[in-house]
Each structure stands twice: as C-alpha cells, then as structure tokens.
Amino acid sequence: MPRYFLAQLNIAQMKEPLDSPSMADFVNNLDRINALAEQSQGFVWRLKDETGNATTQRPFGDDIVVNMSVWMDVTSLSNYAFKSAHTEIMKRRREWFERMPEAYSVLWWIPADHRPSVSEAKERLHHYREFGATAHAFNFSKPFPSPEVENAAPAFTANDASPAA
C-alpha cells in the first residue's frame with residue numbers, strides 16, 4: 001500500500017447559475033461522471049455533499065464550483081481525466097464555464113491516511129499560482145514524484161561494491 005496519494009483540485013467559473021437552463025446538460029451529467037470517477041482504477045476519494053457532488057461548496061465565490069478528489073497516483077488521475085468519458089464533458093466546458101485568467105487546477109501529494117480539506121486545497125492552488133510548479137503544488141505538465149519515491153534509497157545493483165567488502 002502506498003504511503004502517499006495524489007490530491008487534486010480544479011475550479012470553474014460558471015457562466016450562469018447551476019439551476020439555469022444553459023447549465024442543465026452539465027448538471028444532468030454530474031452523477032454519471034462522478035460515478036465514472038469512483039469506478040476508475042486508482043480512485044480513492046472525492047469531495048461531496050448530501051447531494052452526492054460538491055456543487056454547494058463555494059470557497060472561491062458564488063459563481064465558482066469546485067471539484068476535489070484523491071487518487072493513487074498521477075497516472076490513475078490522468079487516465080480518468082483524459083482517457084475516459086470525462087473527456088467528452090471537458091470538451092464542452094466552454095458552454096458552461098468562463099475562461100479562467102489564472103491557474104484553475106492543482107495537484108499535490110498527501111499521506112495516504114489524510115483527506116484534504118477545501119481550505120488546504122485553496123492554499124495549494126494559491127501557492128501554485130504564486131510560485132508555479134513545486135513539490136508543494138504542481139500540475140500535469142510538471143508533475144513531481146511522490147515523497148515516497150523521492151525519498152527512496154537507491155537500489156543496490158550487481159555492479160555496486162559489496163557492503164561487506
């Protein structure tokens with residue numbers, strides 16, 4: 001079992017309120033896409049409220065929705081985000097959401113027994129916006145290895161001198 005999992009946050013500024021007719025197709029696909037995430041290899045956890053999604057969470061403002069989840073690793077999240085039916089919804093995002101002038105998603109490593117809070121995620125996104133990709137907060141374009149991998153001792157190979165010599 002890994003000692004670290006990958007947390008992710010992404011936010012989107014809605015063009016209209018969720019209950020408006022122009023947002024209906026987005027809202028009608030939430031359950032299906034969330035279920036797809038939960039059934040995906042490497043999925044661990046996602047933020048949700050009593051409705052089964054996180055649309056009532058608005059820490060960035062009334063017109064900004066959040067999505068936060070935890071995955072086994074970058075590959076698992078990437079496969080879900082870019083190689084599943086989720087991609088079809090992402091292709092339509094301009095129908096429902098404004099273009100964001102700043103970074104709107106962030107990744108970071110967490111201990112496997114930890115579930116990130118919305119305030120923690122907000123801090124990670126702020127850090128990423130201010131400093132760019134670091135081990136503290138990064139994105140798909142420049143992923144950082146898990147602290148587990150980063151701190152691993154180098155493997156002993158047959159070409160290495162014997163420790164007993």
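- We find the CG-CG distance between Asp31 and Asn53 to be 6.5 Å, quoted to the nearest 0.5 Å.
- No continuous path of ILVMFWY side-chain contacts below 4.5 Å connects Leu125 to Phe138, so the two sit in separate hydrophobic clusters.
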**Item:** Ser69 vs Gln8, side chain to side chain donor-acceptor pair (under 3.5 Å): CA-CA, chis, key distance, verdict
**Value:** CA-CA 5 Å; Ser69 56; Gln8 75 80 28; 2.9 Å; yes

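- Stacking of Lys122 on the aromatic ring of Phe60 is recorded, both the 6.0 Å distance cut-off and the 45° axial limit being met.
- Ring-plane geometry between His86 and Tyr80 is classed as tilted, the angle between the planes lying from 30 to 60 degrees on a 0 to 90 degree scale.
- The number of heavy-atom neighbours closer than 6.0 Å to CG of Asp49, taken from other residues, nucleotides and ligands shown, is above 12.
- In this structure, the side chains of Arg94 and Arg99 come closer than 4.5 Å at one or more pairs of heavy atoms.
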**Item:** salt bridge (Lys or Arg N to Asp or Glu O under 4.0 Å) between Lys48 and Glu38, intermediate numbers included
**Value:** CA-CA 12 Å; Lys48 55 185 168 180; Glu38 291 179 350; 3.2 Å; yes

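- Under the salt bridge (Lys or Arg N to Asp or Glu O under 4.0 Å) criterion, Lys83 pairs with no residue, sequence neighbours left out.
- Judged as a salt bridge (Lys or Arg N to Asp or Glu O under 4.0 Å), and not counting sequence neighbours, the contacts of Asp25 are Arg92.
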**Message:** Could you walk me through whether Trp96 and Phe26 satisfy the ring pair (Phe, Tyr, Trp, His ring centres under 6.0 Å) test, starting with their C-alpha distance in whole Å, then the side-chain angles of each, then the deciding distance to 0.1 Å, before giving a yes or no?
**Reply:** CA-CA 7 Å; Trp96 308 304; Phe26 170 75; 5.5 Å; yes

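- Under the 4.5 Å side-chain criterion, counting only non-hydrogen atoms from C-beta, Glu148 is in contact with Pro2.
- Atom CD in Glu102 sits 10.5 Å away from atom CD in Glu130 (nearest 0.5 Å).
- Partner of Val106 under the side-chain contact (heavy atoms from CB on, under 4.5 Å) criterion, chosen from Ile11, Leu9, Asn139, Asn10: Leu9.
- Here the closest heavy-atom approach between residue Lys15 and residue Glu95 is recorded as CD-O, 3.8 Å.
- Taking the six-membered ring for Trp and the full ring otherwise, Trp71 and Phe43 have centroids separated by under 6.0 Å.
- With Arg124 contributing its side chain and Ala137 its backbone, the two residues share no donor-acceptor pair below 3.5 Å.
- The heavy-atom pair separating Ala81 from Thr87 by the smallest distance is O-OG1, 3.4 Å.
- Taking each heavy atom of Leu36 and Ser84 in turn, the nearest pair found is CD2-OG, 3.6 Å.
- The heavy-atom pair separating Pro59 from Val118 by the smallest distance is CG-CG1, 3.1 Å.
- In this structure, OG1 in Thr55 is found 10.0 Å from CG in Leu47, a value given to the nearest 0.5 Å.
- Note: His136 NE2 to Trp109 CH2 = 15.0 Å, rounded to the nearest 0.5 Å.
- Using a 4.0 Å cut-off between a side-chain N of Lys or Arg and a carboxylate O of Asp or Glu, Glu120 and Arg115 do not qualify as a salt bridge.
- The heavy-atom pair separating Phe97 from Ala12 by the smallest distance is CD2-CB, 3.3 Å.
- The distance from the CG atom of Asp63 to the CD atom of Glu16 is 11.0 Å, given to the nearest 0.5 Å.
- The closest side-chain heavy-atom distance from Asp73 to Leu6 is not below 4.5 Å.
- Ser40 contributes atom OG, which lies 13.5 Å from atom CE of Met72 (distance to the nearest 0.5 angstrom).
- A single hydrophobic cluster is not seen to contain both Met1 and Tyr4; linkage of ILVMFWY side chains at heavy-atom distances under 4.5 Å, directly or through other members, places them apart.
- Linking ILVMFWY side-chain heavy atoms closer than 4.5 Å, directly or via other members, places Val70 and Val74 in two distinct hydrophobic clusters.
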**Step-by-step side chain to side chain donor-acceptor pair (under 3.5 Å) determination, Glu88 to Asn29** = CA-CA 11 Å; Glu88 295 306 314; Asn29 277 287; over 6 Å; no

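- Ring geometry, Phe140 versus Phe82: the interplanar angle exceeds 60°, so the pair is classed perpendicular (tilted spans 30 to 60°).
- A single hydrophobic cluster is seen to contain both Tyr128 and Val66, as judged by linkage of ILVMFWY side chains at heavy-atom distances under 4.5 Å, directly or through other members.
- Met90 and Ile64 sit in two unconnected hydrophobic clusters of ILVMFWY residues. Membership requires side-chain heavy atoms under 4.5 Å apart, directly or through other members.
- Shortest non-hydrogen contact noted between Met23 and Pro17 is CG-O, 3.3 Å.
- Side-chain contact check for Pro116 versus Trp45: some heavy-atom pair is nearer than 4.5 Å.
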